[in-house]
Protein chains: 2
Amino acid sequence: MPNEKNDTKSMSLVEGSAIDDISIDCVILGFNNGTLEVLLVQHGEGDSKGEWGLPGGWIKKEESIDNAANRLLEELTGLDNVFLEQLKVFGDPKRVSFRRVLTIGYYALIKREDDKLKASLVLTDAKWFKIKNIPDLIFDHNEIINYSLKHLRNRVRQAPIGFNLLPEKFTLLQLMKLYEEILDIEMDKSNFRRKILHMKLLKPLDEKQQDVSHRAAKLYQFDQEIYDLLTQKGFNFEF
Amino acid sequence: MPNEKNDTKSMSLVEGSAIDDISIDCVILGFNNGTLEVLLVQHGEGDSKGEWGLPGGWIKKEESIDNAANRLLEELTGLDNVFLEQLKVFGDPKRVSFRRVLTIGYYALIKREDDKLKASLVLTDAKWFKIKNIPDLIFDHNEIINYSLKHLRNRVRQAPIGFNLLPEKFTLLQLMKLYEEILDIEMDKSNFRRKILHMKLLKPLDEKQQDVSHRAAKLYQFDQEIYDLLTQKGFNFEF
DNA sequence: AACCTTATGGTTAATTTGACTACAAGTATA
DNA sequence: TATACTTGTAGTCAAATTAACCATAAGGTT
């Protein structure tokens, strides 16, 4: 809140911030078949009818913006308890024509194989697009996606959030492939394995992969409790 | 921008996002005498008159939010071309009473010894507060400051932005003390020196400290051009 | 001259990294 | 059944990096 000393006392919307409206847009990311994908929806009204864009919506009177983002995400995907973080506000005056609309960007990391998700998506016209093959979107939505990817690449090195894109139980190679895809680099199987196991962050399970046409790999699980314990002791996730 | 298919067609402010107003608040950080400080101002009107808070203001119709933040910063400090980045939006419904006001948080890193700054500040009632000694502020401004510090601690490890808090010419020990203060850790002089010099990021000058009561240290300068060249070649700043 | 304080340059062992090699455990195919 | 093929898992080794030191230099102060 500004120091109003030098300003008009109690500002109405029009005189004050000169913003017509503020929305929320969410970059929903999933990992499928070794590629990162984003969930887009078709715009329903106005000039841009039929064009693709990020799913989004409006903030209600009594809810926090984080709650609003969570609600919108659940309305579309049927999922709750999802990894969801705010990116920032996008506020170019020309991002929407005729009106001054800001949007708060969020990004979510979700598990593609969730049944609730699948059930929810058949009801809508939402569609997954490969990250490397995204069409021209409405407004500044391409910019928002690009920003979210840049942000993700930083974040994934500093905090164990990649797991949110994988099934509950995963192999080390799946995890590595995820990192390779997000960071757009190649890694060494053996060295990756050594590094991640050395962190003692993953819970090894007594299970193996099923139905693969080669030697089945051991399954691991990310355990938030283990992570919290480690960080309390001063452990710092870094990749 | 939301997909409006399931929503009211053209939303007015009240029916749409239900947000009364949106402001900008800026965490201005400086480094003085080995301690990190933040610049606060006294609130002028209303219930919270006399209480301290972050400097802030409103966005104008035709300017981008980054421009708005820069303008507000210059109005207060007289400085332009300052390191200034958006943090995120703070949007708790109860952060301001009676009205629903969001605020976009920014943080700036500035050089305390700048003459323009000094001249500007004598005209206002702004005051520097040590980071470890900040009073209760209006609204959620303590939260915004805490967030900015957490953010800074991450950012300063990944990008060479610390220099923005130091004079143009500085010694390696000054730089180390800055890192120690920001990250709240102790470092080894010798190892720090080796690491930072090894990056070949700093331009060694033919000058030394003046007026110190001990052996004068060599002065260095951060050179954006060198940095850009290095990053082009794939160099990645990490601390 | 003796004594501070900080600057600067090294040493060394421990740890981490990157590039590889080798072999194990399965499936698929001949 | 034998062989090839694919992926999993373990280990080696040299190079690079880090952490913890030590030593000396270069000024000022007493």
Side-chain angles (χ1 to χ4, degrees), chain A residues 31 33-35 156-158 160 166-167 169-181 183-222 230 233-239, chain B residues 31 33-34 156-158 160 166-167 169-181 183-221 230 233-239:
Chain A
F31 187 61
N33 254 313
T35 53
V156 90
R157 284 173 169 282
Q158 299 192 314
L166 292 177
K169 302 168 181 181
F170 51 84
T171 72
L172 294 186
L173 197 61
Q174 285 170 352
L175 183 60
M176 186 180 101
K177 292 288 177 194
L178 173 64
Y179 272 81
E180 287 190 330
E181 168 75 3
L183 299 174
D184 201 21
I185 55 176
E186 296 215 331
M187 293 173 149
D188 179 274
K189 255 194 312 181
S190 186
N191 293 338
F192 179 87
R193 167 183 211 52
R194 186 181 25 172
K195 187 162 183 181
I196 193 91
L197 286 181
H198 182 244
M199 294 184 193
K200 295 176 188 298
L201 191 62
L202 299 181
K203 191 158 88 188
L205 302 175
D206 282 332
E207 286 178 73
K208 295 193 166 191
Q209 273 179 308
Q210 299 294 327
D211 304 317
V212 283
S213 68
H214 54 77
R215 176 177 174 183
K218 196 179 180 67
L219 292 172
Y220 292 83
Q221 201 167 16
F222 173 69
L230 286 174
K233 289 181 188 165
F235 164 78
N236 206 354
F237 182 89
E238 270 196 32
F239 225 92
Chain B
F31 186 62
N33 255 312
V156 91
R157 284 172 169 281
Q158 299 193 315
L166 291 177
K169 303 168 180 181
F170 51 86
T171 72
L172 295 186
L173 196 61
Q174 285 170 351
L175 184 60
M176 185 180 101
K177 292 287 179 197
L178 173 64
Y179 273 81
E180 287 190 331
E181 169 74 2
L183 299 174
D184 201 21
I185 54 175
E186 296 216 330
M187 293 173 149
D188 179 275
K189 254 197 307 183
S190 186
N191 294 337
F192 179 87
R193 168 184 208 57
R194 178 155 34 105
K195 186 162 184 180
I196 193 91
L197 287 180
H198 182 245
M199 294 185 194
K200 294 174 187 301
L201 190 62
L202 298 181
K203 191 157 90 189
L205 302 175
D206 283 331
E207 287 177 73
K208 295 192 167 192
Q209 273 180 310
Q210 300 294 326
D211 306 317
V212 284
S213 67
H214 53 79
R215 177 177 173 183
K218 196 180 182 66
L219 292 172
Y220 291 83
Q221 201 167 16
L230 287 174
K233 289 180 187 164
F235 164 78
N236 207 355
F237 182 90
E238 270 195 33
F239 225 93

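The structure displayed is predicted, hence computed values, not measured ones. Protein chains get the first letters and strands the later ones, always in sequence-line order, with residue 1 at the start of each.
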Check: Under 3.5 Å, side chain of A/R157 to main-chain N/O of A/E238, donor-acceptor pair present?
Finding: no
Next item on the list: Please confirm whether the backbone N or O of A/T171 pairs with a side-chain atom of A/Q174, one donor and one acceptor, at under 3.5 Å?
Entry: yes
Check: How does protein contact run along nucleotides 5-18 of chain C, one letter per nucleotide 5' to 3', with B for base contact, S for sugar-phosphate only, - for none, heavy atoms under 4.0 Å?
Finding: BBBBBB------BB
Item checked: Whole-Å gap separating P (D/dT18) and CD1 (B/I185) -> 13 Å
Checklist line | Aromatic plane relationship, A/F239 with A/F237 - under 30° parallel, 30 to 60° tilted, over 60° perpendicular | finding: tilted
Note to self: Rounding to an integer number of Å, can you tell me how far B/F192 CZ sits from D/dT17 P?
What the structure shows: 17 Å
Margin query: Rounding to an integer number of Å, can you tell me how far B/E238 CD sits from D/dA16 P?
Written below: 18 Å
Would you be so kind as to tabulate the donor-acceptor pairs closer than 3.5 Å made by side chains of residues 199-215 of chain B, with sequence neighbours excluded?
unit_1 : atom_1 : unit_2 : atom_2 : d
B/E207 : OE1    : B/K169 : NZ     : 3.4
B/E207 : OE2    : B/K169 : NZ     : 2.7
B/Q209 : OE1    : B/A217 : N      : 3.0
B/Q210 : NE2    : B/K208 : O      : 3.4

Notebook entry, point to check: A/Q158 versus B/Q158: any side-chain heavy-atom pair under 4.5 Å?
Noted result: yes
Margin query: Using whole Å, what does the distance between atom P of nucleotide C/dC20 and atom CD of A/E186 come to?
Written below: 13 Å
Notebook entry, point to check: With distance as the sole test, does B/D188 use its side chain to make a donor-acceptor pair with the main-chain N or O of B/S190 at under 3.5 Å?
Noted result: yes
